[in-house]
Amino acid sequence: MLTQFIPIDYDYFDFQGRNYVKIIGRDEKSKRVCIIDSCPVFIWAVLKNNLPKEKIDKLIKKISKIQLDSKGRKTKVEKVELQEKNYLGKQVQALKIFVTNYKDLQEIASELDFKEIEKRRGHDLGFITHYIIEKKLSPLNWYEIEGEILNNSQEFGGIDMALEVNTCIKVDKIKKLEKQKEFQPKVLAYDIETDSLEIGEGEILMISLVGNKGTKKVLTWKKESSKKPNYVEYVKDEAELLEKFVEEVKKDSPDFLVGYFSDGFDLPYIKARAEKLGVKIKLGLDGTQPKFSKGTSLRAKINGIVHIDILRFIRTAYAQYMKSETLTLNEVAKEFLGDTKKPFEHRHSSDIKKIDWTEYFEYNLHDSVLTLGLFEKFWPDMLEFTKTIQEPTFDISRAGLSKYTESYILHNLEKFNEIPQRRPGYNESAERRALGGVKGAFVMDTKPGLYEDIAIFDFTSMHTSIIISHNISSSTLLDAPELKNLGYAELRKKYHESPETNEEGTKYYFTKKPGFFPTLLKEIFELRKRFKAEYVKNPNPITKARSNAFKVLSASAHGYIGFFGARYYSHEASAAILAFVRKFNKETISKVEKAGYKVIFGDTDSVGFLREGKSKQNIKKLLEKLNSELPGVMHLEQDGFFKRGLWVTTRAGTTGAKKKYAMLDEENKLKIRGFETVRRDWCQLSRKLQSKIIKDILQDGNGDKALKAVKKIIKEIKERKIPKEDLIIKTQLKKPLSEYKAQGPHVIAAKKMKEQGIPISQGGLVEYYLAETPNSKSKLVRDKVKLLHEAGQYNIEYYLNKQILPAVENIFQVFNIDIKELIEGKKQMTLGDF
DNA sequence: GGAGGTGACGTACC
DNA sequence: ACCGGTACGTCACCTCC
């Protein structure tokens, strides 16, 4: 039997003491196929240096005899091979110890307690990762599979009979297709509506299903609607609703079942209700129910169908580049799809009128439409991430940034004949954390003012290009003892020297012989460049997203090296990278100054300076000159020209504020950084006013219009004309309520919510406003806190002095105008100073 | 009981 | 715990007089 096959979902099982993978995918005719395969299981034992051959032979004999009999399994060492390998870039002799069962590798490792063995490695990858590395059957690539069809076979305990697939194949040969084909996955999005936000507390009223192959329905047992839209299907009760849901998923037969926050809400909710009602949710192709595993948060897996919680993917891969301030479906859909949720005011089902049920159905259906839309929007990225990192999409869509980097490395070690480093244990992680951080990037002091004609240069993927260009990593670091044996001339010739990493002047050295980590990073770096060029050539949301995705992957390498949980962590490497970052930033600043320009800002990888009448051609020449002096793949690029820019002082006083500026580009587009305008914990009123005056000032070059706008708002506040929604302050609850030492306003607001039965927990957004409290003498802000539905008048003094004044004061200070006097109404302002 | 410093906390920049 | 250092700003909380 020969078939084309694209692997989508990975699972594994044990049969007669051995491990097998069970991979669900599609063939060239889009039929569902399951393949079953196995691979050699082994652990590496790195030997001590210069062991005599006899000793090694003796050791091999001893190891070959190791047997385990535990957990109802007999596991043994099958064979032992002596190999020349690399470990952390150094040549070593290592024993490749083949074992019958992956699950017992840990226990086998503890049996390998021989003095000839220096280290035991390669047993903490996870069986699926190990399989993908060994057999090179990577997710979402096309393969030609040769094997034997299992048809009602007793092999593997009749596994094929229980599987809802067209074909089940026991693999013989795997060959990657030279010509990769496109893959259009079948996708089904779902969303539930319930009578409670607490998992399983209220009934599930309806479930919507929207697929990319035509499915579009709302299932419900609430037959109270005055008219039934044609996409609505009635069932008897909640139990039947759940059964019907499973049935419809099976009928649609998607590769991906997608929800929004479905790991944390929809699927756990369905599970809880199903348990209560005695219904089995047999969504898995093998008839199993969803499995929930707990890390820092819940993950819900369905065998054979990839369950995607699209929120999780967006959060890790995109949140930092998004405008959305919260990751609610509504806001994220607005940003990426230009569409929003349907308006519907949630009430308990007993409170919903006949006429409104239709609206509720529509609302429910549309949530799935949006969820599907988001999946399709991010599918190219998940596909690229999956293919690049070579871990299943289920994991990719939930993983953190360090996992992306690490998996990429693990799947590419073979090229370097490298034995994988192990994950740090609990104690090792603790030690790393105790070391503390390293000195970070340089941020230049600024001088407040309104500037004209600004040019910005910034380094392309600065940290990454530094790592690549100076061959920085844990394995290329020169050990302290070796350092002592080298003369300075030799040191400089054979090693990259870092700038001083701390006040004591510590420097680190990295060999010039290319290490596997920097080499691999270079590949990522090239991909990032390719996708960015693709985006520039063909700008559309997909090329943009992909370019961003690789930006994320490329940019997280440095964070990975400094992350205490990383296999290839290195405090020294991290310190050295940052030292280079400071050096190159400072050097660029001084070179630009030497070329005759006035530098006005610099932060980590960027430098901004005044053009002072010089042509763009001149700027370009300067850029070329600077680039010619940079090592390796380091590159400085032009980040646009700006007509005007505004820098202010800090609230406290006279120094210029860092990370806080606004600029207007040549297309009159604003770039606002750090100002209250871009901070979600300030009320809309301040944010809108501030962004208006910034815009006015940057466009006009003076503050006339801006001042009028401020006066107008002050008047409106005093006359109580401001609508409450403009006064809401939103703050996230970053930890459990009980852990707060300081009772800040948002903590008080959250406590009020709790008292009133409004769900709020860690990670939730607290919304409140500040009200007049005529009967209270308290000066504390927290005593003025009111929730939005609580009656009260907004506190005029608070909004004037704590929201409007701070948002505009420093801006007008640039023109020597004192807004405080205006607010207090003491003195009529003149515009003479403008 | 007000001034002023400090720590807790949240958010943004890169 | 799931990339991390630099920086800003508010508010509570403390000490001091």
Side-chain angles (χ1 to χ4, degrees), chain A residues 295-297 312 315-317 319-321 325 395 398-406 423-424 426 429-430 432-433 436-446 458-459 461-464 551-566 569 571 574-575 577-578 581-582 585 601-606 639 648-653 655-661 671-682 686 729-735 739-748 765-766 770 777-785 798 801-803 806-807 809-810:
Chain A
T296 33
S297 53
R312 296 190 66 153
R315 192 189 282 144
T316 28
Q320 65 182 122
Y321 297 103
E325 281 166 11
D395 301 287
R398 289 167 176 82
L401 296 176
S402 65
K403 167 98 180 168
Y404 284 2
T405 310
E406 189 149 286
R423 219 183 279 134
Y426 184 83
S429 289
R432 290 173 177 185
R433 258 180 298 177
V438 297
K439 197 174 160 197
F442 169 72
V443 187
M444 200 182 103
D445 291 332
T446 59
D458 60 19
F459 283 93
S461 305
M462 189 186 208
H463 301 74
T464 304
K551 185 175 173 172
V552 171
L553 188 58
S554 167
S556 43
H558 157 249
Y560 172 81
I561 291 177
F563 169 49
F564 60 81
Y569 165 90
H571 192 263
S574 183
I577 294 161
L578 263 328
V581 167
R582 291 189 295 274
N585 191 222
F601 104 114
D603 185 346
T604 311
D605 61 353
S606 63
D639 191 32
V648 297
T649 65
T650 59
R651 277 295 282 156
T655 58
K658 298 171 177 185
K659 300 186 186 287
K660 202 172 175 183
Y661 60 86
K671 179 174 177 173
I672 301 182
R673 292 291 122 95
F675 273 107
E676 285 74 6
T677 295
V678 297
R679 296 182 60 92
R680 72 163 177 205
D681 55 347
W682 283 71
S686 311
I729 292 167
K730 299 178 186 177
T731 315
Q732 197 186 11
L733 206 61
K734 298 288 274 187
K735 45 188 180 184
E739 280 178 24
Y740 281 94
K741 284 184 205 160
Q743 302 297 301
H746 81 294
V747 177
I748 296 303
L765 204 62
V766 180
L770 285 310
K777 276 186 196 147
S778 167
K779 293 218 157 158
L780 294 175
V781 174
R782 65 164 173 237
D783 292 329
K784 306 183 206 318
V785 166
Y798 178 83
N801 290 319
K802 298 292 183 178
Q803 288 284 322
E809 189 175 29
N810 302 84

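Each chain gets a letter, A, B and so on, in the order its sequence line appears, and its residues count up from 1.
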List for me each residue that meets side chain to side chain donor-acceptor pair (under 3.5 Å) alongside A:Lys403, sequence neighbours excluded, and say none if there are none.
none

DNA chain C: first to last nucleotide in contact with chain A (atom under 4.0 angstrom from a heavy atom), 5' to 3', is C:dA1 to C:dC13

Holding to ring-ring contact (aromatic ring centres under 6.0 Å, His included), I want the full list of residues that pass it with A:Tyr560, two or more places apart in sequence or in another chain.
none

In whole angstroms, how far is the P atom of B:dC13 from the CD1 atom of A:Ile672?
10 Å

Sugar-phosphate or base contact per nucleotide [nucleotides 5-10 of chain B; S, B, -; heavy atom under 4.0 Å]:
---SSB

Go through the structure and list residues passing side-chain contact (heavy atoms from CB on, under 4.5 Å) with A:Ser686, not counting sequence neighbours.
A:Trp682, A:Cys683, A:Gln803, A:Ile804, A:Ala807

If the condition is salt bridge (Lys or Arg N to Asp or Glu O under 4.0 Å), which residues does A:Arg423 pass it with, not counting sequence neighbours?
none

What pairs with A:Tyr740 under ring-ring contact (aromatic ring centres under 6.0 Å, His included), at least two apart in sequence or on another chain?
A:His746

Residues forming a ring-ring contact (aromatic ring centres under 6.0 Å, His included) with A:Tyr404, sequence neighbours excluded
A:Phe385

At a heavy-atom distance below 4.0 Å, what parts of residues 436-445 of chain A sit against DNA chain B?
none

Taken in chain and number order and not counting sequence neighbours, the residues that satisfy side chain to side chain donor-acceptor pair (under 3.5 Å) with A:Thr655 are none

Sequence-distant partners of A:Arg679, salt bridge (Lys or Arg N to Asp or Glu O under 4.0 Å), two or more places apart
A:Asp681

Who pairs with A:Lys802 by side-chain contact (heavy atoms from CB on, under 4.5 Å), at least two apart in sequence or on another chain?
A:Tyr798

